[in-house]
Asks: 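Just dropping this structure here.
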Amino acid sequence: MTDEEKDPRARRPPRAALGALSGLLGAFGALAVAELAASAVRPEAGPVVAVGGAAIDRAPAAVKDWAIRHFGTDDKLVLQVGILAVLAVVAVVLGALAARLGRAAAAVLVLAAFGLFGTVGALAATGRPDSTGYPDALPSALGALFGTLLLHTLLTHLRPTTTGTGPATGRRGVSDPATGPLDRPAPAAGPRGESGPVTGPRADPSPATGPGAEPGPATGPLDRPAPAAGPRGGREPVTGPGAEPGPATGPQDQPTPVTGPQGELGLATGSQAGPSSATGRQADPSSASGRHSEATGDFDRRGFVRTAVAAAVVSASAGVVGRSLNGSSGEDAVASRRRLTLPAPGSPARPVPARAGLRVPGISPFHTPNTGFYRVDTALVVPKVDATAWRLRIHGKGVRRPVVHSFGDLLRRELIERDITLTCVSNEVGGPYVGNARWIGVRLADLLAEAGVRPPSRGGPADQLVARSVDGMTLGTPVEDVLDGRDAMLAVGMNGEPLPFAHGFPVRMLVPGLYGYVSACKWIEDIELTTFDSYDPYWVERGWARRAPVKTQSRIDTPKPFARPKAGPVMVAGVAWAQHRGIDKVEVRVDDGPWQEARLAAEDSRDTWRQWSFPWQAAKGPHTLTVRATDRTGRVQTERRTRTIPDGASGRHSVVVTVD
């Protein structure tokens with residue numbers, strides 16, 4: 001026989017593995033309940049979102065730059081998956097360790113672990129810039145409480161069962177595992193060492209008889225005493241004054257000889273029982289009931305499985321309901337956007353020149369579709385703001401009195417429509433975080449002038465405009481740049497439709513010529529006029545530059561890196577940008593050859609990128625293609641390579657191809 005056939009418990013999972021599973025279920029239940037509770041507070045109060053946001057806030061600029069460079073717009077998903085993975089590992093270790101500890105130690109460990117979980121989540125939620133206060137701590141606290149109770153319950157089922165009692169000992173330390181919780185001591189030996197009867201599992205023991213012995217208690221109808229052994233081992237009824245003779249053993253209660261102190265044989269009876277006791281050191285007691293095996297290290301398997309399945313079902317249901325409610329929490333915002341029809345702009349954009357878009361396969365389109373426009377921000381949950389309830393407050397230095405505008409107020413003003421290219425400061429040389437769109441909005445300079453704001457060049461006390469988002473983000477913009485005549489705006493539309501939620505609905509700010517982190521505040525709700533000396537916004541606190549004009553850059557869109565074009569004519573093409581200065585020239589170099597001027601597409605405006613193309617007569621073999629641009633001021637794109645921190649990347653984009 002194999003070990004598993006000899007011991008069925010060998011096929012069962014070790015208790016540590018089931019403890020690890022219990023830890024996972026506890027963590028899953030905690031997160032699910034927290035998600036459900038967050039639907040009653042606000043989605044951003046959930047522990048994963050709150051801890052993720054806190055991690056983003058506290059991550060060094062180099063870490064943030066590394067994440068965007070390696071994961072792109074999936075960086076938020078990677079962060080959340082990473083948080084869940086860490087929680088899973090901690091939960092597995094916690095459950096496996098707690099299953100090995102005693103009851104009290106395990107309870108303390110579980111309570112401490114989930115208490116830490118709840119504390120970290122609560123502190124992260126209440127410490128966010130957009131926190132609503134103590135209610136944000138409730139999801140993490142409730143999740144931690146549920147996880148603690150669930151894991152404690154599962155671990156209880158993994159404890160060894162104790163349904164049987166410990167063995168009763170006789171005068172010589174003889175063990176009798178057949179006794180139950182209420183069993184009385186075994187009968188004493190007769191005058192010559194004969195042992196009295198041992199009854200079945202439900203019987204009360206009857207004392208042995210002898211001269212002068214008092215009769216024992218009467219037995220019930222189903223548990224009568226067996227006859228005691230005679231002087232030579234024969235069966236004799238129990239006698240005594242007034243005693244009634246006991247019945248003989250039935251066919252299923254055959255007497256079992258046991259050795260008395262002097263070698264006489266006594267009888268042990270019980271319903272289908274084997275030996276119930278023996279004396280001397282050679283005794284081999286066995287269990288008298290199936291329950292006794294559970295007291296030898298087994299656990300409540302059925303209870304564990306029932307609890308685990310119920311916990312998984314309840315947790316999954318809570319998570320699904322919570323996620324559904326969180327997803328529907330912005331229904332009013334969705335409805336307000338759906339009902340919105342943008343007014344015709346009072347100052348429409350000029351038609352895009354016919355030759356502004358080149359018909360070259362692989363080149364970026366002149367207008368970037370909304371679905372393909374890059375998104376780089378710190379919001380793990382995209383804010384959904386009801387346009388009918390939205391308000392913008394303008395206040396601070398140089399403002400005659402604070403002004404509050406509603407969304408309707410903006411739509412009733414003259415709207416302007418402009419093509420503007422946006423660039424993220426995290427865009428590496430040749431990177432994807434740049435896009436061109438047609439925006440509709442209100443001139444920001446007009447709103448500020450009506451509030452009494454003047455630029456520093458005309459004696460205004462404020463040189464920095466701090467824009468605040470509904471999610472607590474702060475961006476700082478030079479007041480001089482906003483008021484110098486460029487088309488800075490509060491945008492309400494993008495490519496002919498209301499702003500998508502991911503791009504700032506209902507209102508975002510745009511200032512051509514500046515990187516997004518100092519100019520393009522999404523979900524804006526507050527504008528404060530202040531100074532650079534008195535306030536550092538979010539990214540400046542993390543080491544980025546206060547002033548960040550877009551650097552002159554160019555990119556090769558086709559051929560792609562490591563492409564294998566055929567020998568002969570190959571069209572090299574891409575885009576170049578220098579917002580608010582404009583592109584004057586683009587040049588291409590093959591390997592270490594001379595710079596050759598590319599053909600520029602027609603310019604739409606100096607605030608948009610410009611397409612270019614270069615026909616190349618490709619020869620077989622590996623080649624390196626490099627591009628550089630010259631802006632309208634005569635500045636040539638620098639060759640010096642720098643990283644994105646602190647004010648944007650610089651250098652020239654190149655691709656390596658092999659011509660077949």
Asks: Give the intermediate values and the outcome of side-chain contact (heavy atoms from CB on, under 4.5 Å) for residues Ile420 and Gln579.
Replies: CA-CA 8 Å; Ile420 299 174; Gln579 289 95 305; 5.7 Å; no
Asks: Are the aromatic rings of His157 and Phe299 close, with centres under 6.0 Å apart?
Replies: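 Between His157 and Phe299, the centre distance exceeds or equals 6.0 Å.
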Asks: Taking 4.0 angstrom as the limit, do Arg393 and Glu525 come out as a salt bridge?
Replies: no
Asks: If you take all heavy atoms of Pro506 and Val385, which pair is closest and at what distance?
Replies: CD-CB, 3.7 Å
Asks: Centre of Tyr535's six-membered ring, under 6.0 Å away, within 45 degrees of the axis: is that where NZ or CZ of Arg468 sits?
Replies: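 Judged by the rule, Arg468 and Tyr535 form a cation-pi pair.
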Asks: Testing Val442, Val403, Ile527 for side-chain contact (heavy atoms from CB on, under 4.5 Å) with Leu447, which one passes?
Replies: Val442
Asks: Can a donor-acceptor pair be found, under 3.5 Å and without considering hydrogens, that links the side chain of Arg418 to the backbone of Ser347?
Replies: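 Side chain of Arg418 to backbone of Ser347, a donor-acceptor pair under 3.5 Å: yes, one is there.
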Asks: Who passes side chain to side chain donor-acceptor pair (under 3.5 Å) against Glu35, sequence neighbours left out?
Replies: Asn326
Asks: Between Lys522 and Ile524, is any pair of side-chain heavy atoms under 4.5 Å apart?
Replies: no
Asks: Is there a donor in the side chain of Thr132 and an acceptor in the side chain of Asp136, or the other way round, less than 3.5 Å apart?
Replies: yes
Asks: For Lys64 and Thr378, does a side-chain donor sit closer than 3.5 Å to a side-chain acceptor?
Replies: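 Side-chain D/A pair, Lys64 to Thr378: absent.
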Asks: Tell me if a side-chain donor or acceptor on Ser324 pairs with a main-chain N or O of Val320 at a distance below 3.5 Å.
Replies: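 No, because the side chain of Ser324 does not come within donor-acceptor range (under 3.5 Å) of the backbone of Val320.
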Asks: Keeping to residues at least two apart or across chains, list the side-chain hydrogen bond (donor to acceptor under 3.5 Å, both in side chains) pairs with something in residues 434-448.
Replies: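 The answer is Asp419-Arg438, Thr421-Asn436, Arg443-Asp487.
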Asks: Without swapping roles, check the side chain of His70 against the backbone of Trp66 for a donor-acceptor pair under 3.5 Å.
Replies: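 Side chain of His70 to backbone of Trp66: a pair is present.
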Asks: Got Gln553 and Asn427 here, is their nearest side-chain heavy-atom distance under 4.5 Å?
Replies: no
Asks: For a 4.5 angstrom cut-off between non-hydrogen side-chain atoms, does Asp536 reach Glu541?
Replies: yes
Asks: Got a salt bridge between Arg42 and Asp130, using NZ or NE/NH1/NH2 to carboxylate O under 4.0 Å?
Replies: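 Judged by the 4.0 Å cut-off on N to carboxylate O distance, Arg42 and Asp130 do form a salt bridge.
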Asks: Do the side-chain N and O atoms of Arg339 and Thr388 include a donor-acceptor pair separated by under 3.5 angstrom?
Replies: no
Asks: Quick one: CG on Leu154 to CG on Leu24, what's the gap to the nearest 0.5 Å?
Replies: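 One finds 11.0 Å between CG of Leu154 and CG of Leu24.
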Asks: Just do the salt bridge (charged side-chain N to carboxylate O under 4.0 Å, His left out) check on Arg486 and Asp607 with the steps written out, would you?
Replies: CA-CA 9 Å; Arg486 69 186 74 193; Asp607 290 333; over 6 Å; no
Asks: Ser364 versus Arg555: any side-chain heavy-atom pair under 4.5 Å?
Replies: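 Heavy-atom side-chain distance check passes, below 4.5 Å.
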Asks: So that I can tick it off, tell me whether Glu497 and Arg337 are bridged by a salt bridge, with the cut-off set at under 4.0 angstrom between side-chain N and carboxylate O.
Replies: yes
Asks: Short question: side chain of Thr477, backbone of Val518 - any donor-acceptor pair under 3.5 Å?
Replies: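 Indeed, once roles are kept as given, a pair shorter than 3.5 Å links the two residues.
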Asks: Enter the distance from Asp647:CG to Trp544:CH2 here, rounded to the nearest 0.5 Å.
Replies: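 Reported value, rounded in 0.5 Å steps: 9.0 Å.
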Asks: How long is the span from the CG atom in Asp386 to the OG atom in Ser336, to the nearest 0.5 Å?
Replies: 4.5 Å
Asks: Around atom CZ of Arg100, are there more than 12 heavy atoms from other residues, nucleotides or ligands closer than 6.0 Å?
Replies: no
Asks: Do Glu428 and Tyr433 come within less than 4.5 Å of each other through their side chains, counting heavy atoms only?
Replies: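 A side-chain contact is absent here, since even the closest heavy-atom pair is not under 4.5 Å.
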Asks: Please give me the minimum heavy-atom distance between Arg413 and Asp409, naming the atom from each residue.
Replies: CG-O, 3.2 Å
Asks: For Glu417 and Pro348, indicate whether the former's side chain and the latter's backbone hold a donor-acceptor pair under 3.5 Å.
Replies: no
Asks: Answer with yes or no whether the side chains of Asp526 and His395 bring together a donor and an acceptor at under 3.5 Å.
Replies: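 Checked: His395/Asp526 side chains pair up, N/O donor to acceptor below 3.5 Å.
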Asks: Would Val382 and Trp523 satisfy side-chain contact (heavy atoms from CB on, under 4.5 Å), going step by step from the backbone distance to the final call?
Replies: CA-CA 10 Å; Val382 174; Trp523 314 293; 4.1 Å; yes
Asks: Between Asp377 and Lys76, does any side-chain N to carboxylate O distance fall below 4.0 Å?
Replies: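 Looking at Asp377 and Lys76, the cut-off is met.
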Asks: Restricting to non-hydrogen atoms, name the atom on Ala308 and the atom on Leu25 that form the minimum distance, rounded to 0.1 Å.
Replies: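 Residues Ala308 and Leu25, closest heavy atoms: CB-CD1, 3.7 Å.
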Asks: Is there side-chain contact between Thr644 and Asp65, with heavy atoms separated by less than 4.5 Å?
Replies: yes
Asks: Could you give me the CA-CA distance, side-chain angles and deciding distance for Ser406 and Trp390, then say whether side-chain contact (heavy atoms from CB on, under 4.5 Å) is met?
Replies: CA-CA 6 Å; Ser406 69; Trp390 176 86; 5.6 Å; no
Asks: Please check if atom NE2 in His405 has more than 12 non-hydrogen atoms from other residues, nucleotides or ligands closer than 6.0 Å.
Replies: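 Counting other residues, nucleotides and ligands, NE2 of His405 exceeds 12 neighbours.
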Asks: For Ala122 and Ala137, work out which heavy atoms get closest and say how close.
Replies: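 Here Ala122 and Ala137 meet closest at CB-CB, 3.6 Å.
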Asks: What about the rings of Tyr515 and Trp539, do their centers lie closer together than 6.0 Å?
Replies: no
Asks: Closer than 3.5 angstrom, by distance alone: can the side chain of Ser315 be matched with the main-chain N or O of Ala312 as a donor-acceptor pair?
Replies: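 Not confirmed, Ser315 side chain does not pair with Ala312 backbone.
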Asks: Go through it in stages, so that I can follow the logic: the residues are Leu490 and Arg508, the test is side-chain contact (heavy atoms from CB on, under 4.5 Å), and I'd like the CA-CA distance, side-chain angles, deciding distance and then a yes or no.
Replies: CA-CA 6 Å; Leu490 294 180; Arg508 70 174 297 169; over 6 Å; no
Asks: Taking the side chain as everything from C-beta on, heavy atoms only, tell me whether Pro345 gets closer than 4.5 Å to Ile416.
Replies: no
Asks: Checking the side chain of Ser131 only, and the main-chain atoms of Gly127 only, is there a donor and an acceptor separated by less than 3.5 Å?
Replies: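 No; zero donor-acceptor contacts below 3.5 Å.
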Asks: Below 4.0 angstrom, N of the basic side chain to O of the carboxylate: do Arg302 and Asp300 qualify?
Replies: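 Looking at Arg302 and Asp300, the cut-off is not met.
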Asks: First locate atom OH of Tyr517, then atom OG1 of Thr423, and finally report the distance between them rounded to the nearest 0.5 Å.
Replies: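 Result: 13.0 Å between the selected atoms.
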Asks: Could you tell me the separation between the CG atom of Leu529 and the CD atom of Gln464, rounded to the nearest 0.5 Å?
Replies: 10.0 Å
Asks: What is the distance from atom CD1 of Ile440 to atom CG of Leu411, rounded to the nearest 0.5 Å?
Replies: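 The CD1 atom of Ile440 sits 10.5 Å away from the CG atom of Leu411.
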Asks: Of the non-hydrogen atoms in Cys521 and Ala467, which two are nearest, and what is the gap between them?
Replies: CB-CB, 3.7 Å
Asks: Which heavy atom in Val110 sits nearest to a heavy atom in Thr148, and how many Å separate them?
Replies: CG1-O, 3.9 Å
Asks: Mark yes when over 12 heavy atoms from residues, nucleotides or ligands other than Arg546 sit less than 6.0 Å from its CZ; otherwise mark no.
Replies: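 Enclosed: over 12 neighbouring heavy atoms sit under 6.0 Å from CZ of Arg546.
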Asks: Are the side chains of Val334 and Phe501 in touch, meaning some heavy atoms are under 4.5 Å apart?
Replies: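 Of all side-chain heavy-atom pairs linking Phe501 with Val334, at least one is under 4.5 Å.
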Asks: For Phe71, I'd like to know if atom CZ has over 12 heavy atoms of other residues, nucleotides or ligands within 6.0 Å.
Replies: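 Enclosed: over 12 neighbouring heavy atoms sit under 6.0 Å from CZ of Phe71.
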